[in-house]
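Because only heavy atoms are used, hydrogens play no part in the values below, and waters and symmetry mates are left out as well, while side chains stay in. Below, chain A is the first sequence line, B the second, and so on; all start at residue 1.
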Amino acid sequence: MRVTQMLIPTLREAPAEADVSVSHQLLLRSGMVRKVAAGVYILLPLGSRVVKKIENIIREEMDSAGGVELQLPIIQPAELWRRSGRWDLYGPEMFRLQDRHGREFCLGPTHEELITCLFAQEVNSYRQLPLLLYQIHDKYRDERRPRFGLLRGREFIMKDLYSFDKDEDGLEISYRKMYDAYNRIFSRCGLNFRAVEADSGAIGGDVSHEFMVIADQGEDQLLYCSKCNYAANAEKTPCPSDELRKAADEERPLQLAATPEARTVQDVAAYLQLSTDQVLKSLFFNIDGKLVVVLVRGDRSVNETKVLSYLGADKLEIADSEELRNNFGIPMGFAGPVGLQEKTSVTILGDTEVKYLYNAVAGANKSGYHYLNVNPGRDYQVDHYDDFRVAQEGDPCPCCGGSLQMQRGIEVGHIFKLGTRYSEAMGASFLNEKGKEIPVIMGCYGIGVTRTMAAAVEQSHDQDGIIWPSAISPFHAVIMAVDQRNQQQAGMASEIYQQLTAAGIETLYDDREERPGVKFKDADLIGCPVRVVVGKKAITDGLVEIKRRSGGEMAFRTKEKITGYLQDILADMLHKQGTKN
RNA sequence: CAGGGUGUAGCUCAGUUUGGUAGAGCGCUAGCUUGGGGUGCUAGAGGUCGCGGGUUCAAGUCCCGCCACUCUGACCA
């Protein structure tokens, strides 16, 4: 491709709208994407090429794992979603619309309902199983807060595959196929990533893994063991309780203390000159319409996922100050479990760590006061103790007891075993060998394509711009003449460009009559793995300059040897990147 | 959703305090110049100052309402 024939609007400065994320800024500046609305983007020619590269890698791996591609509609009738119960469950994140007759539809945030419905209509026999159907298509989610550019958009491209099996063993095989395929996909994309155990969330099901691109700015925390292979999303990591068990300290008498204006754990601890792990944190949640109190140690976070799963509930929201005041007459910031049950019948859940938290500080349910020396059993009762906290770095590994390490990551893939949650709701059943009609067993497997593109930039860039892994770079190489008006230079650049292109090396020819500095800057920003420059030396000595974007020495080759040389180094890069994990 | 910030040329922003002819740099167009890391000079084009209402002789500027974008938070009581 010639630059003069393309649309590559690079920017010297990042637009003010570009937020804190590096990938957002670089994708805008390098002319890959443009924003249309919050969380909605145009993929410009370069960005579109990157997306296609990623899609094709995914497509190849899905196909070789037995996947079959199809395309489901974006617009979906409400009726389908009512059948699975998710029309209400999905809430304001779903884009909803009506047609001219007032019939309700949504823009598909995901496609379980539709695919399951298709199965119900078209598949009847175990002889047709297993079946792995997938698509690469747009998804729509009205995020409460779109941010980080393509990392959290409201319209995004996703690959979603659904597996249909006749039994659990079959599901296990399908799941394993996808797990392996995902490892190959992200390796081939040249990404540094890690597969972790994950929570399956609102989508239902039990077993689940997330594929995380390792990046310091990632939204997810993942914990992995330095001794064994254990790795999980922090929210999923179980916290052991046995070794916490310790003898009760001497129980000191309960005491009321004035703590004016001290509303947060940090404030209270600082005011009383204690560490935060001596404070009892009492959080009120509205869970499926009922108020529940969860107690954790002051230095810990409540794990909403674990609470939901313990209660078998669907929706959890932190109670606001009004709810607290109206239901309990408790001022925000001074809530605690002491005397709570005398006033109300609220359920109190306690994290196991709290069970052994003696002589703690807790809110006195009275503005400006906390209790000192609060003890479990004596001063308050807990309905259920269990693991309700978020695991942290340094906690023991649930597998081997080793110490857990923390990394941040960007979730680019997520695979789930769904079981029969959707097939039962949508009536997707088949006749088995014995002629008995049973619901099909499902799994679903997603990859955020546009998010993967942004995650790659997040992971691989420098101060000058993007450094694409070669497998997903918009072009393999960029070529330019230092002086495009010099006929000898331009002629040779053009000749080499054609030669490379003919050899299957995707080459971008910067044939603009710009100053060399401008072309160098743009080449760095766009980040193709190899740069070829035809300058004076090429004319006088016949030597053309080749430089890798990732750094290192310049190389010089005659124009006859360039194609072979580039093929070698590109193959070398692909090999290295493909075996990164 | 709560709280903050910002909306002026394609981009980055000044001008708003104290109302009085619409600005700069970059980019764009033309010419000359220059040609290995965003050349230099000259001349140009380009704006319903986010939208609507109000105050005023006069509003980018003051007042009211709305919208968009954005940041932080939305568990730490």
Practice task
Determine the contact category for A/Arg531: base if any of its heavy atoms lies under 4.0 Å from a base atom, sugar-phosphate if only primed atoms, P, OP1 or OP2 are that close, otherwise nothing.
Solution key: base
Handout entry: side-chain N/O A/Lys35 vs B/rU70 OP1/OP2, d < 4.0 Å
Key = yes
Donor-acceptor pairs under 3.5 angstrom involving side-chain atoms of residues 265-276 of chain A: please list them, not counting sequence neighbours.
unit_1	atom_1	unit_2	atom_2	d
A/Asp267	OD1	A/Thr264	OG1	3.3
A/Asp267	OD2	A/Thr264	OG1	3.2
A/Ser275	OG	A/Asp277	OD1	2.5

Exercise for the section: Have a look at A/Glu514 and say if it touches a base, only the backbone sugar-phosphate, or nothing, with a 4.0 Å heavy-atom cut-off. Expected result: base
Exercise for the section: With a 3.5 angstrom cut-off on both distances, give the Watson-Crick or G-U wobble partner of B/rU6, or none if there isn't one. Expected result: B/rA68
Exercise for the section: Could you pull out all residues at least two apart from A/Glu13 that satisfy salt bridge (Lys or Arg N to Asp or Glu O under 4.0 Å)? Expected result: none
So which protein N/O to nucleotides 9-15 of chain B N/O distances come out below 3.5 Å?
unit_1	atom_1	unit_2	atom_2	d
B/rU12	OP1	A/Ala16	N	2.3
B/rU12	O4'	A/Glu13	OE1	3.3
B/rU12	O2'	A/Glu13	OE2	3.3

Practice task
State whether A/Arg515 places a side-chain N or O below 4.0 Å from either non-bridging phosphate oxygen (OP1 or OP2) of B/rU39.
Solution key: yes
Fill in the blank from the handout: Separation of B/rC26 atom P from A/Arg29 atom CZ, nearest Å, is 17 Å
Practice task
Under the ring pair (Phe, Tyr, Trp, His ring centres under 6.0 Å) rule, collect the residues that match up with A/Tyr369, sequence neighbours excluded.
Solution key: none
Please list, for nucleotides 72-75 of chain B, all pairs of protein and nucleotide N/O atoms separated by less than 3.5 Å.
unit_1	atom_1	unit_2	atom_2	d
B/rU72	OP2	A/Arg145	NH2	2.8
B/rC75	O2	A/Val302	N	3.4
B/rC75	N3	A/Val302	O	3.1

Fill in the blank from the handout: If pairing means Watson-Crick or G-U wobble with both distances under 3.5 Å, then the partner of B/rG27 is none
Problem - Presence of donor-acceptor pair under 3.5 Å, side chain of A/Asp483 and base of B/rG36 - result: no
Exercise for the section: Return the set of residues passing ring pair (Phe, Tyr, Trp, His ring centres under 6.0 Å) with A/Tyr380 (not counting sequence neighbours), or none when no residue passes. Expected result: none
Practice task
Could you tell me whether A/Asn486 contacts a base, only the sugar-phosphate backbone, or nothing, with contacts defined as non-hydrogen atoms closer than 4.0 Å?
Solution key: nothing
Handout entry: salt bridge (Lys or Arg N to Asp or Glu O under 4.0 Å) against A/Glu506, all qualifying residues, sequence neighbours excluded
Key = A/Arg49, A/Lys53
Problem - All ring pair (Phe, Tyr, Trp, His ring centres under 6.0 Å) counterparts of A/Phe284, not counting sequence neighbours - result: A/Phe328
Problem - Candidate nucleotides B/rC69, B/rG27, B/rC28, ranked by approach to the side chain of A/Arg12 - the nearest - result: B/rG27
Exercise for the section: Check every strand shown and say whether A/Gly535 touches a base, only sugar-phosphate, or nothing at a heavy-atom separation below 4.0 Å. Expected result: base
Practice task
Could I get the full list of salt bridge (Lys or Arg N to Asp or Glu O under 4.0 Å) partners for A/Lys559, not counting sequence neighbours?
Solution key: A/Glu495
